[in-house]
Chemist: 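Would you mind keeping the following structure in view while I ask a few things?
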Amino acid sequence: MTKFKFNKAERLKSEKTIGRMFKEGHSFGVYPLRLVWLKVEEPRSDSPVQFTVSVGKKNFKSAVARNRIKRKVREAWRLDKSRLYKKLEGADGQLAFMVLYTAKEDLPYQDIEKAMKTVIHIFIKKNMPPANKRRENVPPLS
RNA sequence: ACUGCAGGCUACUCCAUCGCCUGGCCCCAAUCCCCUGAAGGGGGAGAAGGGGUUCGGGAGGAAAGUCCGGACAACGCAGAGCGCCACACCACCUAACGGGUGGGGUUCCGGUGUAAUACCGGGAUACAGAGCGUGUCACAGAAAAUUACCGCCUUCGGGUAAGGGUGAAAACGUGCGGUAAGAGCGCACGGCGUCCCCGGGUAACCGGGGAGGCGGAUAAACCUUGUGGGUUGAAAUGCCACGUACAUCCCGAUUCCGGCGGCGGGCCAUCCGUGGCCCAAAGCCGGAGCAAUGUUGCUCGCACUGUUGGCGGCCCCUGGGCGGCCAGUCGGGAGGGGUAGGCAGCUAGAGUUUGGCCGUGAGGCCAUCCCCAGAUAAAUGAUGGAGAUCCCGACUUGUCGGGAUUACAGAAUCCGGCUUAUUGGCUUGCAGUGUUU
RNA sequence: GGUCGGUUGGCCGAGUGGCUAGGCAGAGGUCUGCAAAACCUCGUACAGCGGUUCGACUCCGCUACCGACCU
């Protein structure tokens with residue numbers, strides 16, 4: 001039951017962490033999304049991942065439109081994150097995730113959900129090869 | 001019924017699944033307290049957190065712009081003056097307002113109608129003062145405000161605003177008289193200010209009469225008059241936690257007087273007990289000065305804070321004067337550093353529903369009912385399915401098929417307004433046109 | 001959340017209510033064998049909408065956009 005929830009512990013709120021993500025973190029894009037992520041050594045909560053969304057004011061001037069897109073992206077994350085959580089079981093540290101919405105128009109939910117699934121898939125494929133050798137394949141922080 | 005104008009109301013509904021924020025209740029539970037005690041047992045409280053087939057609530061008419069007005073909070077005073085800002089026909093409403101309601105003036109439009117005034121309906125209106133002062137008034141024009149030039153007249157001293165046709169604006173307009181030529185110089189009609197009287201109206205103002213007049217515009221130019229405003233704003237403010245650093249540098253003040261007090265000293269008198277006079281430390285009290293603050297514009301007032309101690313030098317001379325340094329305290333400033341978490345403020349209020357009464361109305365009074373968002377990288381969503389409404393097409397005229405549910409837009413301390421954005425529907429008032437009775 | 005400031009040609013920038021300076025860039029010309037430089041000429045602007053005024057870049061409202069500050 002708990003796998004579809006989205007609590008406060010799972011939200012990324014620290015301004016410092018977000019600042020570090022853009023300096024030191026890694027990123028890749030899957031239209032219309034772009035993931036920025038960083039491994040945090042001292043977890044702020046007991047959740048394996050802290051997640052947040054960003055929609056630029058440049059692309060969407062209306063606050064209503066920005067809020068709607070953020071809700072859709074959060075919904076997609078909420079429904080698909082369990083796949084990643086399963087892979088992360090037993091790992092120490094915490095991951096900070098930020099998803100940027102890069103499209104210029106408000107896309108329907110199905111498109112966003114599809115992109116989110118791809119994002120999670122690529123992340124697992126790149127950084128989480130099965131079992132024991134996981135730690136070595138995580139790229140070092142620059 | 002249609003059209004036009006001016007308003008008002010509303011902001012799709014329901015079901016299922018998965019979620020978000022928030023308040024209550026229940027469960028788990030680290031821990032703490034009490035009783036008894038050898039362990040242990042019993043009872044109670046229970047932060048943060050987790051959970052629940054649990055019970056409630058969860059965006060707007062503009063939540064927006066931040067243009068006004070308040071509540072509330074801080075600044076030692078809600079003190080003074082200056083400055084600054086705002087407002088400006090009258091009355092009322094209101095907690096207050098630059099808002100609203102009603103009325104007045106001015107002006108525009110439409111209709112009816114006239115020789116013309118007029119009447120009806122609707123709109124707009126930052127609408128105090130230009131017979132205080134200062135400034136500005138391009139081009140054109142003789143001249144843009146106290147005045148010249150041309151012209152006209154002349155007794156050659158001068159008089160004269162009729163003419164000069166340009167302009168947004170130029171000496172009340174037209175006619176007659178009058179004159180050397182002219183001029184409100186006089187008269188008739190008309191227009192516009194000032195003052196007084198009468199009538200109506202709470203008043204603005206309107207109507208009538210009289211006196212004395214008529215030398216431009218601009219105050220959303222300075223300004224004058226009147227009225228109001230102390231300033232700053234929830235990133236206010238208070239508390240807790242964490243963290244540097246009661247750290248560094250620069251500047252300023254740290255002076256004097258009086259009273260009480262009497263350590264101690266000097267002089268005089270002496271019946272040797274003491275008495276009188278003078279100087280006078282510590283401490284206490286009061287005052288002046290200085291520094292700084294001066295309610296986050298300037299100045300001032302009152303209040304408040306600091307004004308303590310040590311060490312040398314020079315001069316006269318044995319008690320003072322002058323001038324320094326150091327530390328402390330207080331005040332001002334500079335650069336730099338740390339934190340950017342939590343709680344309160346924070347949602348029961350000029351509140352909401354319904355009804356009655358008063359008022360032309362804005363609104364007021366009374367009763368009744370309800371509790372109705374409090375997030376903070378910032379909650380109210382996603383998916384699916386019905387219904388309802390609207391649009392398009394087809395024809396069997398009430399069915400089918402397709403599409404849309406949209407616009408503007410997301411609370412951030414809270415209210416009252418204003419302004420701006422905006423889809424569709426419903427509805428009220430007024431005017432006009434047409435039809436029927 | 002609050003408090004302020006700004007918007008003038010393609011770019012930078014001045015402007016007292018009376019025809020919007022100047023520079024860079026662009027176009028044409030003179031000069032040159034050709035260019036550069038220099039000189040001459042030209043085009044293109046007051047963010048938008050209302051109001052005050054005879055007249056508005058300027059004064060006053062509203063709107064849009066850009067920017068600064070606060071602890």
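Keep in mind it's a predicted model, so treat the numbers as computed, not measured. Each chain gets a letter, A, B and so on, in the order the sequences are listed, and its residues count up from 1.
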Chemist: For B:U329, decide between syn and anti, treating a glycosidic angle within 90° of 0 as syn.
Modeler: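 You should classify B:U329 as anti.
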
Chemist: What is the distance from CD1 of A:Ile112 to P of B:A382, rounded to the nearest Å?
Modeler: 11 Å

Chemist: Would B:A128 be called syn or anti, given that syn covers angles within 90° of 0?
Modeler: anti

Chemist: Specify the glycosidic conformation (syn or anti) of B:G312, with syn defined as within 90° of 0.
Modeler: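 It is syn.
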
Chemist: Whether A:Arg78 and A:Glu75 form a salt bridge (side-chain N of Lys/Arg under 4.0 Å from carboxylate O of Asp/Glu) is what I want to check.
Modeler: yes

Chemist: Determine the interatomic distance between P on B:A235 and the same-named atom on B:G65; round to the nearest Å.
Modeler: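 B:A235 and B:G65 have their P atoms separated by 16 Å.
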
Chemist: List for me each residue that meets side chain to side chain donor-acceptor pair (under 3.5 Å) alongside A:Arg66, sequence neighbours excluded, and say none if there are none.
Modeler: none

Chemist: Taking the P atom of each, how far is B:U112 from B:G434, in whole Å?
Modeler: 13 Å

Chemist: How far, in whole Å, is B:A373 from B:C414 if one measures between their C1' atoms?
Modeler: 14 Å

Chemist: Apply salt bridge (Lys or Arg N to Asp or Glu O under 4.0 Å) to A:Arg71 and list each qualifying residue two or more places apart in sequence or on a separate chain.
Modeler: none

Chemist: Report yes or no: is the cationic atom of A:Lys81 (NZ for Lys, CZ for Arg) under 6.0 Å from the centre of the six-membered ring of A:Phe51, at an angle within 45° of the ring normal?
Modeler: no

Chemist: Any non-hydrogen side-chain atom of A:Val49 less than 4.5 Å from a side-chain atom of A:Trp77?
Modeler: yes

Chemist: Which residues pass the side chain to side chain donor-acceptor pair (under 3.5 Å) test with A:Thr118, not counting sequence neighbours?
Modeler: none

Chemist: According to salt bridge (Lys or Arg N to Asp or Glu O under 4.0 Å), who are the partners of A:Glu113, at least two apart in sequence or on a separate chain?
Modeler: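 Not a single residue meets the salt bridge (Lys or Arg N to Asp or Glu O under 4.0 Å) criterion with A:Glu113.
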
Chemist: How close or far is atom C1' of B:A382 from atom NZ of A:Lys72, stated in whole angstroms?
Modeler: 9 Å

Chemist: Using O4'-C1'-N9-C4 for purines and O4'-C1'-N1-C2 for pyrimidines, with syn meaning within 90° of 0, is C:U16 syn or anti?
Modeler: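 Syn for C:U16; the angle stays within 90° of 0.
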
Chemist: Round to the nearest Å and state the distance from A:Ile69 atom CD1 to B:G381 atom C1'.
Modeler: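 Taking atom C1' of B:G381 as the reference, CD1 of A:Ile69 is at 14 Å.
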
Chemist: Measure from CG on A:Leu79 to P on B:A382 and round the result to the nearest Å.
Modeler: 13 Å

Chemist: Can you measure A:Glu75 atom CD to B:G19 atom C1' for me and round it to whole angstrom units?
Modeler: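 After rounding, the reported distance stands at 6 Å.
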
Chemist: To the nearest Å, how far apart are A:Glu10 CD and B:A379 P?
Modeler: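 Those two atoms, CD and P, are 17 Å apart.
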
Chemist: Are any protein N/O atoms closer than 3.5 Å to N/O atoms in nucleotides 410-412 of chain B? If there are, list each pair with its distance.
Modeler:
unit_1	atom_1	unit_2	atom_2	d
B:G410	OP2	A:Ala63	N	3.4
B:G410	O6	A:Arg71	NH1	3.3

Chemist: Please measure how far the P atom in B:U194 lies from the corresponding atom in B:A204, and state the result in whole Å.
Modeler: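 Looking at atom P only, B:U194 and B:A204 are 14 Å apart.
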
Chemist: For B:C9, give the paired nucleotide (Watson-Crick: N1-N3 plus N6-O4 or O6-N4; G-U: N1-O2 and O6-N3; both under 3.5 Å), or none.
Modeler: B:G425

Chemist: Let's test this: given Watson-Crick or G-U wobble pairing with both distances under 3.5 Å, identify the partner of B:C82.
Modeler: B:G297

Chemist: Grab the N/O contacts between the protein and nucleotides 373-377 of chain B below 3.5 Å, and write none if there aren't any.
Modeler:
unit_1	atom_1	unit_2	atom_2	d
B:U376	OP1	A:Lys8	NZ	3.4
B:A377	O2'	A:Leu12	O	2.7
B:A377	N7	A:Lys13	O	3.3

Chemist: Whole angstroms only, please: what is the CD-C1' distance between A:Glu113 and B:G384?
Modeler: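 That distance rounds to 13 Å.
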
Chemist: As a test of the definition: with a 90° window around 0 for syn, would you call B:G177 syn or anti?
Modeler: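 You should classify B:G177 as anti.
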
Chemist: When the P atoms of B:A411 and B:U380 are considered, how many whole Å apart are they?
Modeler: 14 Å

Chemist: Donor-acceptor pair, A:Gln50 side chain versus A:Arg11 backbone, under 3.5 Å?
Modeler: yes

Chemist: Does any part of the side chain of A:Trp37, heavy atoms only, come nearer than 4.5 Å to the side chain of A:Leu95, both counted from C-beta?
Modeler: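 Of all side-chain heavy-atom pairs linking A:Trp37 with A:Leu95, at least one is under 4.5 Å.
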
Chemist: Kindly indicate whether the side chain of A:Lys70, heavy atoms from C-beta on, has any atom under 4.5 Å from the side chain of A:Asn67.
Modeler: yes

Chemist: Rounded to whole angstroms, how far apart are OH on A:Tyr109 and P on B:U383?
Modeler: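 About 8 Å, once rounded to whole Å.
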
